[in-house]
Amino acid sequence: MVGGLRKEDAGRKERLSGWVHRRRDLGGLLFVDLRDRSGLVQISFGPEWTEAESLSLAHRLGSEDVVVVEGEVELRPNDARNPELPSGDVELRVHRLELLNSARTPQIPVYRGPDEDLPAEELRLRHRHLDLRRRELQENLRLRHELILETRNYFGNLGFLEIETPILTKTTPEGARDYLVPSRVHPGEFFALPQSPQIYKQILMTAGYDRYLQIARCFRDEDLRADRQPEFTQIDLEAAFVEPDDIFRWIEGLMAELGKVAQIQAAPPFRRLTHAEAMDRFGSDRPDLRWSLEISDWSDAFGTADSRILQSAVETGGRIRGFLIRGGGELSRKEVEALESVARAAGAPGLLWAKRTGEGGSGPLSRWLGEEEWEASGARSGDLLLVAAGSDRVTSPALSAVRGAVIEAMALPQERSDAWLWVLDFPLFEEHEGRIHPGHHPFVLPHPEDLSRLNDDPLSVRSLAYDLVYNGSELGSGSIRIHDAGMQRAIFRALGMGDQEIARKFGFLLEALESGAPPHGGIALGVDRLVKDFLNAASLRDVIAFPKTTAARALFEGAPSTVGSEELRELHIELRAAPVGVRTP
RNA sequence: GGGGCUGUAGCUCAGUUGGUUAGAGUGCCGGUCUGUCACACCGGAGGCCGCGGGUUCGAGUCCCGUCAGCCCCGCCA
């Protein structure tokens, strides 16, 4: 309302409410930028059009005071228009001012000057009510709302039902740490907050709700990152009698619609890569395909070079892979060594490199490269080779990190601004410290072609799991699920669970599957990440109204916090040690 | 659990090789000002240099520890 005034409104009487954004007190005249969610408009006070009492009150206004003003919309004098403000052609000449609520001087400024940095993140979170008054955050939350609204409409039109699932649920034995909620009426027992509604939506499938949707809150008690919050929101869906292509079609259609809302290009069909291809060509299961730079395999070309590092890498079953950087010779030795330390930070023992020059080459790798090797590499004079040798397990993450660093160091131009990708056929299992655990979760259907290897070579078994990747960011994961109880038991056993344990932890799921479960599958998309990536926001905290810190604290309200001994007694909980370092805000 | 960066006025920051009374901009308070829009001008108040310990004649500055925020690794079915 406030920010919507235009020159067509000139002459109208208006009553506006809002916050005092900034004031410019000229003595006789006084200008105030009035702010509400719609934007800013200048209101002016002067002895010729403002009641005396209101005028004197106006001179005492401070930042963030809440006011209501009545007056007339007037065209500003020609030389006093502000082209930078949408409402800058007009102002409200105030007849009467009423102070609805005075504000103490804000701890952090809502207004931000052109060259001014934002207040420290800690202060922005502590005084969140003030930070949220900033236009940028209001715009972010508005877009978030619109994307969620569009999502509900889109799936509603496709016949999906939004069904709520419990927040107080059963603890899940694998996966992330659960947030636990003690039961008062059942001493020693705990609910868990859901890491995802996975099992519930599968139960809904067996119950015949064949298209399910939920904008679902999920909780995982793990350490945080810039793109990870302890509680987060997912667009969670599941459908019966589907194949991966059905899911892809729906999600591609959704992204096209959301793209219209957020002005992002999302033209179906999206590119597809198998997990194996993605790892082979980009070293990552979520490559950023805004750049096409790919890994080359030089195992054959360099494997016979007179170098122990290179030879032994191939002899022990590894590969020699790397990047051919056209024009990379322009990078200084220091810059190339920075790339090497990126590789080390990502777990590689090192990164070999060579620049091809007019006569031969330079760099540690070049002493092993004869004319034959140079030719095989495809390098021309002025190019740079970056090479990692060893098992893919080590070199892939390193090369992926190097790829990003090269793109930045060379300032390579984006080849497209919005790169969508499906990554398919994720491994069913992964190995960690000698233990097999699910690559995604234990309910994923093994790839039908690989079933025979389930017992003998489980780590080679692919799954019908897929990820949606946007500009190198994992926006969502899904899969076709197991609907056969026997198959589900076999997977639990492959994960090392005994029959009793299976019955205790997943008996209710198996019972449901045995009752006539349809084939089904689905996907969950991270709303927070989606909004962040669509807005190109710096942090997830900029698209969540009340986010947690990296230490999983809420600074505004001061959660978590201690509770009284009476409350603990009711919950049958005894603390082993007095809490340390608890702050009261 | 590990590594890195940051912490100085309400806010954003500067602070030399360890040296006297710790500065700037903005905000705040007071004053002048009728077309400003980062209003301008004059004056003023405002500091546990995150916290604790150490080295030193002397610490915002060096060392150790600790707390908080951020980033990364591990972790995130």
Side-chain angles (χ1 to χ4, degrees), chain A residues 21-33 40-50 55 59-60 62-64 74 76-85 87-88 91 93 104-127 130 172-178 194-196 198-199 218-230 232 342 344-347 397 401 426 428-430 432-433 436-444 463 465 474 477 479 491-492 495 526 538-539 541 548-551 553 555 580-583:
Chain A
H21 190 61
R22 266 181 97 69
R23 325 177 314 129
R24 291 172 293 280
D25 190 341
L26 273 57
L29 287 180
L30 170 66
F31 300 96
V32 167
D33 291 334
L40 296 176
V41 73
Q42 174 166 284
I43 60 178
S44 66
F45 299 85
E48 288 140 51
W49 59 84
T50 308
L55 189 59
H59 284 289
R60 300 194 304 270
S63 288
E64 302 306 311
E74 301 262 3
R76 298 203 204 173
N78 266 325
D79 54 351
R81 300 192 176 175
N82 184 349
E84 284 169 24
L85 206 61
S87 66
E91 66 185 18
R93 294 207 175 168
R104 67 186 223 195
T105 303
Q107 294 93 335
I108 58 170
V110 175
Y111 168 81
R112 181 170 163 218
D115 301 323
E116 234 169 295
D117 288 342
L118 284 171
E121 189 90 34
E122 183 178 357
L123 296 170
R124 292 177 50 200
L125 293 173
R126 195 173 295 280
H127 309 293
L130 294 172
T172 42
E174 313 211 29
R177 229 172 267 123
D178 286 317
Q195 296 180 24
S196 89
Q198 181 59 36
I199 293 178
C218 307
F219 307 85
R220 292 177 195 175
D221 186 6
E222 294 293 343
D223 290 340
L224 306 177
R225 290 286 186 282
D227 60 354
R228 239 197 271 160
Q229 280 272 311
F232 56 99
V342 164
R344 284 215 190 85
F426 274 74
L428 186 65
F429 300 115
E430 285 167 11
H432 249 287
E433 289 153 8
I436 281 191
H437 70 95
H440 188 43
H441 55 56
F443 318 115
V444 174
S463 70
E474 182 208 311
S477 293
S479 63
I491 296 297
F492 286 145
L495 289 166
S539 163
R541 293 179 296 275
K548 306 281 191 288
T549 67
T550 44
R553 268 190 189 283
L555 296 183
V580 192
V582 173
R583 290 168 306 114

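Convention: sequence-line order gives letters A, B, ...; per-chain numbering from 1.
Backbone-only engagement by A:T549 is indicated by non-hydrogen atom pairs under 4.0 Å involving sugar-phosphate atoms exclusively. Heavy atoms of A:Y111 sit under 4.0 angstrom from primed sugar atoms or phosphate atoms, though from no base atom. Note on A:H432: only backbone sugar-phosphate atoms sit closer than 4.0 angstrom, heavy atoms only; bases stay farther off. A:D25 comes within 4.0 angstrom of a nucleotide base, judged by non-hydrogen atoms across all strands. Note on A:S196: a base of the nucleic acid sits closer than 4.0 angstrom, heavy atoms only. Residue-level contact check: A:P77 touches the bases, meaning some heavy atom is under 4.0 Å from a base atom. Among the heavy atoms of the strands lying under 4.0 Å from A:R93 is at least one base atom, whether or not backbone atoms are also near. If you check every strand for non-hydrogen atoms under 4.0 Å, A:A551 touches sugar and phosphate atoms only.
In the interface, the side chain of A:R112 is not paired with the base of B:U26 through any donor and acceptor atom under 3.5 Å apart. For B:C70, its base never sits under 3.5 Å from the side chain of A:R124 at any donor and acceptor pair. With hydrogens and angles ignored, no donor-acceptor pair under 3.5 angstrom links the side chain of A:R220 to the base of B:C76.
For B:A68, neither phosphate oxygen OP1 nor OP2 lies less than 4.0 angstrom from any side-chain nitrogen or oxygen of A:R126. Note on A:R24: every side-chain N or O is 4.0 Å or more away from OP1 and OP2 of B:U36. Between A:R22 and B:G27 there is a side-chain N or O to OP1 or OP2 distance below 4.0 Å.
Nearest nucleotide to the side chain of A:R541, out of B:U36, B:C71, B:G69: B:C71. Nearest to the side chain of A:D223, among B:C39, B:C75, B:G69, sits B:C75. Counting only heavy atoms from C-beta on, A:R225 has its side chain closest to B:C75 among B:U36, B:C28, B:C75. Closest approach to the A:A80 side chain among B:C72, B:G35, B:C76 is made by B:G35 (side chain taken as heavy atoms from C-beta onward). With B:U34, B:C72, B:C75 as the choices, the nucleotide that has an atom nearest any side-chain atom of A:A226 turns out to be B:C72. Comparing B:C71, B:G35, B:C75 by their closest approach to the side chain of A:E222 singles out B:C75.
For B:U55 and B:G10, the C1' atoms lie 35 Å apart once the distance is rounded to whole Å. Between B:C64 and B:A22, the distance separating the two P atoms is 28 Å to the nearest Å. Separation of the P atoms belonging to B:C63 and B:U26 is 35 Å when rounded to the nearest angstrom. Taking the P atoms as reference points, B:A59 lies 43 Å from B:G31, given to the whole Å. When the P atom is used for both B:U34 and B:C70, the distance is 48 Å, rounded to whole Å. Across the C1' atoms, B:G53 and B:C71 are found 29 Å apart, a figure rounded to whole Å. Rounded to the nearest Å, the gap between the C1' atom of B:A68 and that of B:G52 is 15 Å. Remark: the separation of the C1' atoms in B:G23 and B:U16 is 14 Å, to the nearest Å.
The base-pairing partner of B:A24, taking Watson-Crick or G-U wobble contacts with both distances under 3.5 Å, is B:U12. Across all strands shown, B:C5 pairs with B:G69; the Watson-Crick or G-U wobble distances both stay below 3.5 Å. Base-pair partner of B:C41: B:G31 (Watson-Crick or G-U wobble, both distances under 3.5 Å). Taking a pair to require two hydrogen-bonding distances under 3.5 Å in either a Watson-Crick or a G-U wobble arrangement, B:U17 remains unpaired.
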Open item on the list: Output one letter per nucleotide in nucleotides 7-15 of chain B: B when a protein non-hydrogen atom lies under 4.0 Å from the base, S when only the sugar-phosphate is that close, - when neither is.
Closed with: ---SSSS--
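The two residues A:F492 and A:F443 come nearest to each other via the heavy atoms CZ-CE2, 3.9 Å.
Inspection of the A:Q195 and A:D178 side chains reveals an N or O donor paired with an N or O acceptor under 3.5 Å.
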TODO: Before giving the answer on side chain to side chain contact (heavy atoms under 4.5 Å, CB included), spell out for A:V41 and A:E91 the whole-Å C-alpha distance, their side-chain angles and the decisive distance to 0.1 Å.
DONE: CA-CA 7 Å; A:V41 73; A:E91 66 185 18; 5.8 Å; no
Task: Test salt bridge (charged side-chain N to carboxylate O under 4.0 Å, His left out) applied to A:D33 and A:R24, step by step - done: CA-CA 9 Å; A:D33 291 334; A:R24 291 172 293 280; 2.9 Å; yes
